[in-house]
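Hydrogens, waters and symmetry mates play no part in the numbers below; they use all other heavy atoms, side chains included. Remember, it's 1-based here, ligands and their atoms both numbered in the order they're listed.
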Amino acid sequence: MTNLTVEQWVAEIASLTTPDAIVWCDGSSREWNELSEALVESGTLIRLNPALRPNSFLARTDPGDVARVEDRTFICSTNQEDAGPTNNWREPVAMKTLLRGLFKGSMRGRTMYVVPFSMGPLNSPQARFGVEITDSAYVVLSMHIMTRVSKLVLDKINLGAQWVPALHSVGAPLIDDEGNTKADTTWPCNVEKYIAHFPETSEIWSFGSGYGGNALLGKKCMSLRIGSALGRDEGWLAEHMLLIRLTSPTGKNFHIAAAFPSACGKTNLAMLRPNLPGWQLGTIGDDIAWIAPDSNGRLRAINPEAGFFGVAPGTGYKTNPVAMETLFANTLFTNVALTDEGDVWWEGMTEEIPAHLIDWTGNDWSADSATPAAHPNSRFTVSLEQCPTIDPNWDAPEGVELDAILFGGRRATNVPLVVESRDWQHGVFMGATIFSEQTAAAEGVVGTLRRDPFAMLPFCGYNMGDYWQHWLEVGQALEPQNRPKVFQVNWFRKSADGKFLWPGFGENTRVVEWIARRLQGEIDAREVAIGRLPKLEDLNLTGLTIAPEALEELFKVDSGAWKVEADLTEEYFAQFGQRLPAEMNTQLELLKSKLAS
Ligand code: OXD
Ligand code: MN
């Protein structure tokens, strides 16, 4: 934490970055209107047809600034081991020196916005505050939706609340070193990018990108990377998890958090419309959950965010009608296609493909074009309040009591549709060993299998081994009956001929129903080497046509393949050396012995 006041920090950054003007933001609709109009004027935003999508806009980024840049994301702790083998590390003093050089004069000719924001309801004991300095009005608008921007945050800070200074610049000054003025572009950014985190001082410095996860610093940077380090120090958990309430036909509520790697269907599950009679779902969050023990010895969770920053392609009236309804107005779209009527479109939105579009690069597009109309990582940014399935308690300062935690990934093979862990330690092992196919949410080769422990690989702000230890300790401090039950799910298993075995989407209700019935202790499960599987007769398949062979394949545990997986886990764990919790080795040995017997 900095010892500076917000005013001192702003003055210091202004003298480094030398903007033309400084604007203190208040999150008001007047501010939204002024900034969006200015961005329409400058060409950064296109106003969508107000008759079709009121108060909504389309932004097209630079083609080189379309996703999170994991190889340019750094954890800057004094000792490299504290960042651990899964993070890019830089020594903090050297990194600050390098960044000061880049930020020097980086806002020349631009306006510097000071955005005070709260992650979590302002009056929640779990809320944490931040102030983002940015030279991007697009970022300010996005922060309006994704966080609670308010001057009240400054009052809280002035009264002594801790806060995270979060500095952002697109790194494209409009006046060069010789004092010559340059014309602006519609998406200013810099080829050189740094997303740097200083967990020991809770600071964020982000340079060169205007894209969501790199630039909306309340999200991945504060709520996950800095948040996870704060959680370790303060005894709570900052997680890449959706949060939902499930209500059974008898009115019993279950709160479930679920971690899936980026672009693996978290938003779809968060907005699921149960297709089994009597079941209801309330959406609380689709990306991040902050989880803390309460005075009753239970874990409680809040969604620190106030909006959805969802992947557009694949979101459609069939796959996620709730998301489609959420986007009716007041939405900021990025890198989707524009229709001739002035509305948006992306692959998977409708069955019918429009004859003509302007694609995300601003060029004419027709159905026979070789490239997609919308970028695979194109996004919608929209307030949670607009979601028709929003839970009445989504904004409750005290959060919700957590009953279950799900871990998932995209696995064509091996992992059954659902497996229950034997206990908390086994659940932590399940989270630690998630393997998933890479998606377009980050730069990299789509489809490659990579380890993504707790879906936190790109988001853990400290050594992953220590993070697993912290999870073990948080659970062990709870009475066993108060610990949420942990499950592993996989909607993506495929048959030998490459077809999905499970229909997914709305049909996932059937899996969630089984989980809820297990939580209630209504039904038994069958013990296998990797955990507990449903007895097939307990899975509610009424109204679903699924071949018995597909069902069998969905739950098949192939010992040979799992032995290979266990060996890969051993290799994977080796990199953590002394930081690997002994319990993880115990769990691995247990798995091996169960597979052998
Ligand atoms: C996201 C991500 O944007 O995980 O939520 O990449
Ligand atoms: Mn995410």
Side-chain angles (χ1 to χ4, degrees), residues 59 61 65-73 86 119 138-139 142-143 145-147 193 195 197 206 209-228 237-244 257-271 283-291 301 303-315 320 323 326 331-336 346 374-382 384 406-410 431 434 436-446 450-461:
T61 71
D65 196 22
V66 293
R68 285 185 291 98
V69 281
E70 291 182 8
D71 58 338
R72 306 302 304 157
T73 299
T86 58
M119 299 313 296
Y138 164 90
V139 166
S142 305
M143 291 292 285
I145 299 175
M146 297 304 300
T147 73
K193 296 179 175 44
I195 321 298
H197 307 75
S206 166
S209 168
Y211 168 81
N214 303 324
L216 317 181
L217 302 186
K219 192 172 180 58
K220 303 300 186 180
C221 299
M222 174 165 161
S223 291
L224 291 177
R225 299 196 190 94
I226 295 296
S228 59
L237 303 163
E239 299 305 324
H240 192 203
M241 291 181 177
L242 65 86
L243 191 56
I244 51 176
F260 295 83
S262 305
C264 283
K266 284 216 305 298
T267 305
N268 290 343
L269 182 56
M271 297 179 181
T283 306
I284 305 176
D286 80 326
D287 197 40
I288 300 179
W290 280 357
I291 304 169
N303 172 12
E305 301 194 278
F308 302 111
F309 180 60
V311 178
T315 307
N320 191 341
T326 306
T331 307
L332 193 50
F333 295 93
T334 305
N335 286 341
V336 300
W346 49 78
H375 186 275
N377 192 36
S378 53
R379 299 281 179 147
F380 53 79
T381 312
V382 66
L384 275 155
L406 274 46
F407 292 116
R410 227 174 238 276
I434 294 180
S436 190
E437 291 158 26
Q438 164 108 25
T439 67
E443 291 186 332
V445 185
V446 172
R450 71 167 184 175
R451 290 281 178 185
D452 194 349
F454 285 74
M456 283 287 278
L457 177 70
F459 307 124
C460 184

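Under the 4.0 Å criterion applied to side-chain N and carboxylate O atoms, R68 and E70 are assigned as salt-bridge partners.
Cation-pi geometry between K266 and F260 is not satisfied (NZ or CZ under 6.0 Å from the ring centre, within 45° of the ring normal).
Under the side chain to side chain donor-acceptor pair (under 3.5 Å) criterion, D452 pairs with no residue, sequence neighbours left out. For F380, there are no ring-ring contact (aromatic ring centres under 6.0 Å, His included) partners two or more places apart in sequence or in a different chain. Applying the ring-ring contact (aromatic ring centres under 6.0 Å, His included) rule to Y138 yields the partners W187; only residues at least two apart in sequence or on another chain are considered.
Of all the listed residues (R379, E70, K266, K219), R379 holds the heavy atom that lies closest to atom 3 (O) of ligand 1.
Between the CD1 atom of I284 and the CD atom of E305 there is a distance of 14.0 Å, given to the nearest 0.5 Å. With values rounded to the nearest 0.5 angstrom, D286 atom CG is found 9.5 Å from N268 atom CG.
Each of T61, D65, N377 was evaluated against N335; a single residue qualifies, T61, per the side-chain contact (heavy atoms from CB on, under 4.5 Å) test.
At least one heavy atom of H240 sits less than 4.0 Å from an atom of ligand 1.
Set against the non-hydrogen atoms of S262, the atoms of ligand 1 under 4.0 Å away are 2 (C), 4 (O), 6 (O). Of all the atoms in ligand 1, the ones that sit under 4.0 Å from a non-hydrogen atom of K220 are 1 (C), 2 (C), 3 (O), 4 (O), 5 (O). Interface of D287 with ligand 1, defined as ligand atoms under 4.0 Å from a residue heavy atom, comprises 5 (O).
Atoms of the protein (N, O or S only) found under 2.8 Å from the Mn ion (ligand 2) are K220 NZ, H240 NE2, D287 OD1.
The proximity of F459 to ligand 1, defined as any non-hydrogen pair under 4.0 Å, is limited to the side chain.
Panel note: side chain T315, backbone A312; a donor-acceptor pair is recorded below 3.5 Å.
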